[in-house]
Amino acid sequence: MKTSTFPTIPRRLLLTLPAVLFLLAFFILPLVDNGLRSIVQADGNGITFARYVQLLTDQFYLTSIAQTIALSAAVTVICVLIGYPVAYYLVRHAGRWSGLIIFLLIAPLLTSIIMRTYGWQVLFARRGFINTLLVQDLGLLDTPLRVLDTPGLVVAAFVHVLVPFMVLSIAAVLQGIDRRLEESAQLLGAGRLRTFFEVTLPLSIDGIGTGSILVFMVANGSFVTLVLLGGGLKTLPLLIFQQFNTTRDFGMASTMSTVLLVVALVCLFLQLRLVRRGGEA
Amino acid sequence: MVTQTSRKPAELRLEGLEKRFGNAVAVSSVSVTVEPATLVALLGPSGCGKTTTLRMIAGFERPDSGRILVGGTDITSLPPHRRALGMVFQNYSLFPHKTVGENVAFGLRMAGMARAERDEAVGRMLDLVQLSALVDRYPSQLSGGQQQRVALARSLVPNPRVLLLDEPLGALDKNLRESMQFELRSMQQRFGITTVLVTHDQEEALSMSDQIAVMSRGRILQIGGATEIYDRPASRFVAEFLGTSNIFTGTVRSNGVMIVAGGTTGCTLQLPPGAPTSGPVLLSVRPERLVIGDAAAELPNRLDAYIQSRAFRGTYAAYQLDVPALGREIYVYRQAGGPLGTLTFPVGTTVSVGWNLEDSVVVEDDE
């Protein structure tokens, strides 16, 4: 038995030191700073929780929190629904084309997110490509479609950006499923659909989980798309951006950041629990 | 013990099965009849078409031509889930996200059996394979042998008409494999279920089957009982794939005598009764049928040989002999005997080796 009362630090932990220092300097400290700023009074004297009270009671802010979560959730669900079949096809049926499909999936990521978002504007603006085509060239419509400032387009733009992450997460897990498990299920009397729901889907739940966390978190924190496409949504990231740049109310911005962080952590926790249960049972 | 609502054992018939993958012929004119409640082994090296044949029976591959009949009913075009077959895979293929109980219950649940009835059937089956205590475990918490038994229980509980075993013992270590051979065989007989076993392990095939079909290059070379296949191999491939054979290649000279060329002088050998009377001929003699030393003196076929090396294998000793007259080696297995702790013939000595005519078999050349 060791007599030392100090826990000894294994030497290999020293290898993590650079990463720890980096995170401390650029992640933990800013977070602490941010947290402090949210509770220091505007005149710099004393501590107040008034901003939190305001944020969590004011209807405007509550709506914003709800919108943030709803938007991320919608984007995640749609990514699963679109991504799963693509991943399934990629792993099971693409054969020698799978390399090409993966390239096509990743290729859009090579373009900046701003470019891709502007793409939607070019396509759907009042005098954009689609409306010009429909109204002037083909004469199918009398008035241009109003797509640009709708929540629907925001969701579409998010899905567009994030669906590759979902596909790749699911495909990685699907790839590892032993086909003989599905064959066993079939011989035991399960048709294709039942085999899918009894075997394939439960075994790929981890991939859905990973992809969902990835997509949800990114959607939860991004605002560029919202700034550019609007859609009448006032999500927390957008408000934070405005507080910093327009209102210059740093205290309120910090408060919202902290709330957004907590919301994200709670969602992460819930998703992890969901995945754990699905993966084990 | 009585099993539930036993189906009458069904006959499985494969009629002229053919399967090509691109240009490669995987299975060619395979016809086998598996009598009800018997076990037929498809035995052959990897790539011989045995697994493809099994997958066609299961419905995972569609034959290019030919028919598959179970109890007289053509199932060739039925999807796997409507064939009422059971299958045990080499890696067991237990559902990792389901417990032992859920795994075993799966087939019954798919068949729409009510919960209470299902639980009872599963309990009975787990009793039979002595795994009742593990009903709530997950497959990853079981040993290889336990997983094997769960897989067997899962495939048997829905009362399949035919059981398919795909290298079922391949992943087990040697001792366990032997006891599982007996266990599988006794379960198969107790359930009276028509069974096809795919294996590349000759010992497994010999000890578990009623009939063995030796396959090579997509074809069945010979079908027969274990002793028949082993003692009366029809062709060179069968003789050499099952056990070891010394094969002498030569030409029939006259009534029952063949000439073997090669080495310093070549030799003449006497053929067993019923051998061809002219043309090229292959004679196969098993190592354990050869006699060496003084005991060989009286035998009709006799060669002088030189002991090149030997290996002690417990129940017998294997000798590698050089026969200068033929310029080749032959193998002899000699049952352990003499004083404990000794091997009779030392390396480097010259001995006589011989055999009785009825211990040799003429085989066809299929190489």
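Each chain gets a letter, A, B and so on, in the order its sequence line appears, and its residues count up from 1. In what follows, every heavy atom counts, from backbone to side chain, and hydrogens, waters and symmetry copies are set aside.
For chain A, the option among L164(B), L85(B), N91(B), V88(B) with the highest count of heavy-atom pairs below 4.5 Å is N91(B).
For R55(B), the part sitting under 4.5 Å from any heavy atom of chain A is the side chain, from C-beta outward, and nothing else. With a 4.5 Å cut-off on non-hydrogen atoms, A111(B) does not touch chain A at all.
The interface of residues 163-191 of chain A with chain B, defined by heavy-atom distances below 4.5 Å, comprises D178(A), R180(A), L181(A), E183(A), S184(A), A185(A), Q186(A), L187(A), L188(A), G189(A), A190(A), G191(A).
Here H81(B) contributes atom NE2 and L193(A) contributes atom CG; the two are 10.5 Å apart, rounded to the nearest 0.5 Å.
Looking only at side-chain heavy atoms (C-beta outward), M110(B) and E198(A) come within less than 4.5 Å of each other.
For F60(B), there are no ring-ring contact (aromatic ring centres under 6.0 Å, His included) partners at least two apart in sequence or on another chain.
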